[in-house]
Structures are given as structure tokens and as C-alpha cells.
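Counting starts at 1 for both ligands and their atoms, in listed order. Since the model is a prediction, treat every value here as computed from it, not as a measurement.
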Amino acid sequence: MLKSKNNVKGFYAGAKNLGDYLSEKDRYLSKNEKPKYKFNIIGAGNIGKEHINVTMMEGRGTVHGIYDTSEKSASVTKEMFQEYYPGHGLVVYKTLEEACSDTEVDGLIICTPNFTHIDILKEALKTGKHILLEKPMATTVADAYAIKEMAESYGSVLQIGLQYRYKPIYVEAVHEALERKSVGDLKTISILEHRIPFLDKVGQWNKFSKYSGGTFIEKCCHYFDLFNLFAQSKPVEVYATGGAAVNFTEFEYEGNPSDIIDNAFVNITYENGVRANFNLCMFSPMFYEELILCGDEGRLKASESENFSSLPANRNHLELIRVDGAPSKTMTPAYSAEIEASGHGGSSYYEQVHFINSIEGTEVQTVTADEGFWSIVVGSAAEASLREGKVINIEEHLVNNGIIL
Ligand SMILES: NC(=O)c1ccc[n+]([C@@H]2O[C@H](COP(=O)([O-])OP(=O)(O)OC[C@H]3O[C@@H](n4cnc5c(N)ncnc54)[C@H](O)[C@@H]3O)[C@@H](O)[C@H]2O)c1
């Protein structure tokens with residue numbers, strides 16, 4: 001996956017500090033290749049810092065500068081950068097325009113709150129630079145469609161930050177279900193996410209649908225992307241129930257009460273007959289994700305688990321039970337400990353690997369704006385289903401939002 005010319009160097013992926021007593025002359029396996037690409041981070045908050053770390057760790061690129069409207073975010077992130085990467089300079093830009101147009105820089109990583117994405121992206125697109133835009137690409141299906149259209153004529157890479165695809169359990173599940181066809185003809189997909197409440201954010205934007213798009217768009221777009229990926233088809237109907245049972249029921253920010261849900265069930269039907277079901281609970285004292293794929297030749301179950309107690313948690317697990325005596329198996333998909341610890345189970349690191357591979361043209365680009373759009377189509381339809389208390393037909397939903405495909 002690293003596309004190293006010399007595979008033996010791949011053993012060092014994510015472990016750049018090994019052999020830090022060696023001079024450059026004595027390094028072969030751990031040779032620090034001079035980074036070829038420079039990136040600017042727009043929005044230096046929680047995930048902005050993760051992008052800085054995985055960019056520096058991946059090594060083919062470096063972070064040149066940051067831009068953030070909050071002085072505190074900019075200064076804390078700059079301090080973090082200087083502590084972790086001494087000897088590297090970091091430009092702190094005063095305006096978005098300067099950060100986007102700096103000719104030193106090859107790519108822009110946009111990590112600002114959801115409601116700012118479309119306007120920042122428009123500025124970024126003027127530069128022709130490679131762009132990694134955090135998920136969800138927009139807060140509404142209409143804006144997501146506008147971005148998809150802008151992306152179609154864009155000459156450089158425009159990747160959407162739906163990096164859960166690169167978690168070890170999903171990489172292996174894709175290999176089994178889509179490449180090996182281990183479960184045969186896929187019929188049903190279930191995903192469950194049980195986790196702690198949304199974290200604090202700058203301006204608490206994630207507590208309000210008008211800034212985040214709502215929980216189905218903000219958080220669940222990752223899982224709707226996975227459903228779309230496994231189903232290999234387009235959604236036709238979505239039905240959702242849900243509510244705010246525990247979290248933020250008394251939360252107010254600047255006098256405004258939160259309006260986001262914390263639990264839900266969503267059913268999705270695909271054009272090819274695949275049926276999918278999503279179960280969300282955001283008041284669980286853990287992070288737990290589970291995928292179940294059922295086909296006519298087997299069942300695959302994969303899970304990722306992290307709890308905050310001293311109880312053992314089998315972080316990654318995958319089991320495949322097949323019919324007709326075909327070999328079944330259990331396994332523990334994993335990346336190196338250092339890569340997994342770099343954020344989101346290592347998926348952010350591999351998102352960066354794919355981003356640079358796409359820039360270098362060594363692989364076909366994923367995740368595209370089209371894929372990002374379809375994750376929002378399902379999220380937006382789920383939000384509409386919740387509001388209207390009925391099944392949402394996707395074609396009608398798109399037409400109602402001014403989109404005719
Ligand atoms: N891919 C993932 O798994 C993942 C995980 C977390 C967050 N995200 C996404 O990343 C984005 C940021 O989330 P976060 O958790 O880092 O939020 P955050 O609030 O921690 O950080 C956002 C930063 O953007 C800055 N900002 C706000 N408006 C800006 C503007 N117009 N220009 C420049 N900077 C601006 C804020 O001051 C803040 O420092 C969101 O879209 C979120 O959905 C993705």
C-alpha cells in the first residue's frame with residue numbers, strides 16, 4: 001500500500017524515530033527522504049492536529065503552514081508543532097487567501113467546521129492545488145452536489161476525508177466481501193456505532209444542525225459511505241427514527257439549545273436489493289463499531305472496540321463463517337501500534353498515504369467528491385425521514401433539493 005520502490009523500507013512505515021542516534025549517512029532502512037510536497041492546514045483544531053501528525057509521520061510531505069480564525073487554536077497548534085517537530089518552520093497565515101495562494105505549497109488540507117467547507121473550498125479551488133477536504137463535505141445535499149459538480153472539472157486531486165474506509169477492519173472486510181466475494185452475493189449490511197458523546201469543539205459547532213448538518217450528516221456520513229461502498233449500488237429509500245435521549249438535553253451555547261440527536265436506527269434500501277441497517281448510540285462509555293455482512297455464501301462480522309475501563313477489549317476482530325464447508329476464519333486485522341495510535345485506528349495515516357499516492361498518480365483516487373456526495377445523500381435523507389416521520393424516496397428527495405441526476 002505504501003508503494004515504496006524498495007519494499008524493505010516499508011517495514012519502517014510510521015516508525016521514523018527508530019534509530020534516532022544514527023547520522024543521515026548511516027541510514028538506509030530509516031533514511032529520511034526529503035519530503036516532496038508541502039501542505040497547508042486550514043483549521044488547526046482537533047483533526048487539523050491529527051492531519052499535521054500523520055503528514056509528518058508519512059514523510060513524503062511536510063506541513064508548511066496553518067491558518068485558523070481562532071488565535072488560540074493557531075498558537076496552541078504552533079506550540080505543539082514546535083515541540084514535536086523541532087527544526088521545522090511553520091508559517092501562521094493571517095488570511096485564508098494567503099494560506100491558499102502561497103506558491104511554496106502543493107496542497108491544502110481543509111479541517112474547519114462543516115458549515116465553512118463550501119466557501120473555503122471555493123477559495124482553495126482557485127489555486128489548482130491538491131485538496132483534502134474533511135468530511136462531511138457540506139451540511140446540505142444541495143451544497144454537496146455543488147461541490148461534486150465543481151470537482152468534476154478540477155484538474156488536481158480533491159479527496160474527501162471519509163477515512164474510516166482505511167480502518168484495518170474495513171480494509172479486510174472490503175477485501176473479503178468485494179474482492180474475494182467470500183460471503184457470495186451480498187444481501188444485507190448492518191453497522192452499529194456505540195460511542196461517547198460528541199466532544200467539545202471551538203464554538204461548539206457540532207451541537208447545532210445548522211453548523212454541522214445534524215448528527216446523520218456530521219458523524220454518520222462515515223457509515224453511510226461504508227454502506228454505499230459495500231452495497232456497490234445507489235440508495236433508493238431511507239427510513240430513520242431517533243432522538244436526543246441523554247446527551248446535551250440541557251446544553252445551551254450563547255443562549256441557544258442544542259438540537260442534535262444522540263441515538264437512531266436507519267434502514268436503507270439499495271437499487272440492487274441490498275438492505276442496510278444502522279444503529280447509533282452516542283451515550284455509551286466506549287468506542288465500539290461493528291459491521292455484519294450477510295451473503296448467500298457466508299457471514300462476515302468485524303468489530304473495533306476501545307473502552308475506558310480496565311476490562312480487556314479486543315481492539316480489532318473479524319470473523320468469516322462460510323457455507324458448504326468453505327474455509328472459515330477469525331482474525332485480528334491491525335496496523336503497526338504506532339500507526340494505529342496516530343489517530344482513528346491508523347485510518348488517518350492511510351488517508352494521507354492514499355492522498356499522496358493519488359497526487360503521484362500511482363493509484364486511482366479515493367474518496368471522490370461523488371462518493372462524498374452520496375454519503376451526504378443518505379445522511380440528508382435520514383435527517384428528512386426523522387423530521388417528517390416517513391420513508392424518504394431518494395429520487396424525490398434529490399428533486400426536492402433542486403437536484404436532477
Ligand atoms: N475524518 C474524521 O474522522 C474527522 C474527525 C473529527 C473531525 N472531522 C471533521 O473535521 C472538521 C473539523 O473538526 P474538528 O474536530 O477539528 O473541530 P474543532 O472545532 O476542534 O477545530 C476546527 C478549527 O477550525 C477553526 N475555524 C473555524 N472556522 C474557520 C474558518 N472559517 N477558517 C479557518 N479556521 C476556522 C476553529 O477555530 C478551530 O480551530 C469538521 O468538518 C469535522 O467534521 C473529521
Side-chain angles (χ1 to χ4, degrees), residues 40-54 65-81 92-100 108-124 131-140 143-144 147 159-167 170 193 195-226 253 260 282 287 289 304 342-352 354-355 366-367 371-372 375-376 379:
N40 277 348
I41 306 286
I42 316 290
N46 171 36
I47 199 77
K49 290 206 268 190
E50 189 163 307
H51 281 290
I52 290 175
N53 288 334
V54 297
I66 57 172
Y67 168 66
D68 197 301
T69 45
S70 151
E71 269 179 35
K72 176 145 195 198
S73 294
S75 65
V76 167
T77 300
K78 185 167 185 180
E79 270 169 41
M80 180 275 298
F81 191 85
V92 179
Y93 296 91
K94 289 267 176 282
T95 66
L96 175 66
E97 294 70 23
E98 283 171 37
C100 289
L108 304 167
I109 304 183
I110 302 173
C111 315
T112 55
N114 309 350
F115 68 99
T116 65
H117 286 178
I118 188 161
D119 287 340
I120 292 178
L121 181 70
K122 282 180 187 163
E123 189 63 36
I131 298 169
L132 175 52
L133 171 64
E134 261 304 343
K135 56 53 53 177
M137 61 205 251
T139 53
T140 65
D143 281 357
I147 292 176
Q159 181 172 317
I160 308 301
L162 289 162
Q163 90 285 24
Y164 279 30
R165 290 166 171 228
Y166 308 133
K167 290 186 174 200
Y170 299 123
E193 183 190 35
R195 58 159 283 171
I196 59 170
F198 275 133
L199 303 178
D200 284 339
K201 299 287 163 180
V202 177
Q204 295 289 14
W205 58 267
N206 59 350
K207 311 302 179 304
F208 302 96
S209 300
K210 70 173 174 179
Y211 299 132
S212 72
T215 302
F216 285 136
I217 287 181
E218 154 56 12
K219 182 71 236 276
C220 309
C221 63
H222 278 300
Y223 304 103
F224 298 149
D225 175 55
L226 288 164
Y253 190 72
I260 54 160
M282 296 191 69
F287 287 105
E289 283 173 38
E304 184 194 89
S342 67
H344 291 87
S347 61
S348 299
Y349 175 87
Y350 278 100
E351 173 176 50
Q352 184 69 17
H354 286 283
F355 185 42
T366 63
V367 180
E371 292 170 307
S375 74
I376 291 187

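Donor-acceptor pairing under 3.5 Å is recorded for the side chains of Y223 and E289. For H354 and Q159, the side-chain atoms include no donor-acceptor pair closer than 3.5 Å. No hydrogens or angles considered: a donor-acceptor pair under 3.5 Å links the side chains of D200 and Q204. Using a 3.5 Å distance cut-off with no hydrogens or angles, the side chains of Y67 and T112 do not pair a donor with an acceptor. Side-chain N/O atoms of E134 and H51 include a donor and acceptor closer than 3.5 Å.
Across the listed options F115, Y93, W205, W205 owns the non-hydrogen atom lying nearest to atom 42 (C) of ligand 1. Of the listed options H51, H117, E134, E134 places a heavy atom closest to atom 44 (C) of ligand 1. The closest heavy-atom contact to atom 20 (O) of ligand 1, among the options N46, L96, I160, comes from N46.
Atom CD1 of I376 is separated from atom CD of E371 by 13.0 Å, given to the nearest 0.5 angstrom. Taking CZ of F198 as the reference point, atom CE of M282 lies at 4.0 Å (rounded to 0.5 Å). One finds the CZ atom of R165 at 4.0 Å from the CG atom of D225 (value rounded to the nearest 0.5 Å). Considering SG of C111 and CD1 of I52, their distance stands at 8.0 Å, rounded to 0.5 Å.
Residue E218 approaches ligand 1 through these ligand atoms, each under 4.0 Å from one of its heavy atoms: 43 (O). Atoms of ligand 1 found under 4.0 Å from any heavy atom of Y67 (numbered from 1 in listed order, with element): 32 (N), 33 (C). Those atoms of ligand 1 with a heavy atom of K201 less than 4.0 angstrom away are 14 (P), 15 (O), 17 (O), 18 (P), 19 (O), 20 (O). Annotation for ligand 1: atoms under 4.0 Å from non-hydrogen atoms of S70 are 37 (O). Interface atoms of ligand 1 facing H344, defined by a heavy-atom separation under 4.0 Å, are 3 (O), 5 (C). Near G43, the atoms of ligand 1 lying under 4.0 angstrom from a non-hydrogen atom of the residue are 24 (O), 34 (N). The ligand atoms of ligand 1 that sit less than 4.0 angstrom from a heavy atom of P136 are 43 (O). Ligand-side atoms of ligand 1 in range of C111: 11 (C), 12 (C), 22 (C), range being under 4.0 angstrom from any heavy atom.
Where the criterion is an N or O separation shorter than 3.5 Å, residue side chain and backbone included, P113 fails it with respect to ligand 1. Close N/O approach between Y164 and ligand 1 is not found [any backbone or side-chain N/O within under 3.5 Å]. Looking at ligand 1, you'll find an N or O of V202 within less than 3.5 Å of one of its N or O atoms. Looking at ligand 1, you won't find any N or O of T116 less than 3.5 Å from one of its N or O atoms.
Distance from atom 11 (C) of ligand 1 to its nearest protein heavy atom, with residue and atom name: T112 O, 3.2 Å. Considering only non-hydrogen protein atoms, atom 21 (O) of ligand 1 sits nearest to G45 CA, 3.3 Å. In terms of protein heavy-atom proximity, atom 26 (N) of ligand 1 is closest to T69 OG1, 3.5 Å. Looking at atom 3 (O) of ligand 1, its nearest protein heavy atom turns out to be Q163 NE2, 3.0 Å. Looking from atom 10 (O) of ligand 1 to the surrounding protein, the closest heavy atom is I47 CG2, 3.1 Å. Shortest contact from atom 31 (N) of ligand 1 to any protein heavy atom: I120 CD1, 3.8 Å. The protein non-hydrogen atom at the shortest distance from atom 38 (C) of ligand 1 is D68 OD2, 3.4 Å. Closest protein heavy atom to atom 41 (O) of ligand 1: N114 OD1, 2.5 Å.
With a 4.5 Å cut-off on side-chain heavy atoms, S342 and N53 do not count as touching. You'll find the side chain of E351 stays beyond 4.5 Å of the side chain of H344, heavy atoms only. E193 has its side chain out of reach of H222: every pair of non-hydrogen atoms, C-beta onward, lies at least 4.5 Å apart.
Within 6.0 Å of the NZ atom in K201, the count of heavy atoms belonging to other residues, nucleotides or ligands exceeds 12.
In this structure, K49 has no heavy atom closer than 4.0 Å to ligand 1.
Contacts between E50 and ligand 1, counted as non-hydrogen atom pairs separated by less than 4.0 Å, are absent for every part of the residue. Within the 4.0 Å heavy-atom criterion, neither part of L162 lies near ligand 1.
A cation-pi arrangement is not found for K78 relative to F81, the charged atom failing to lie both closer than 6.0 Å to the ring centre and inside a 45° cone about the ring normal.
Residues meeting the side chain to side chain donor-acceptor pair (under 3.5 Å) test with D143, sequence neighbours left out: none.
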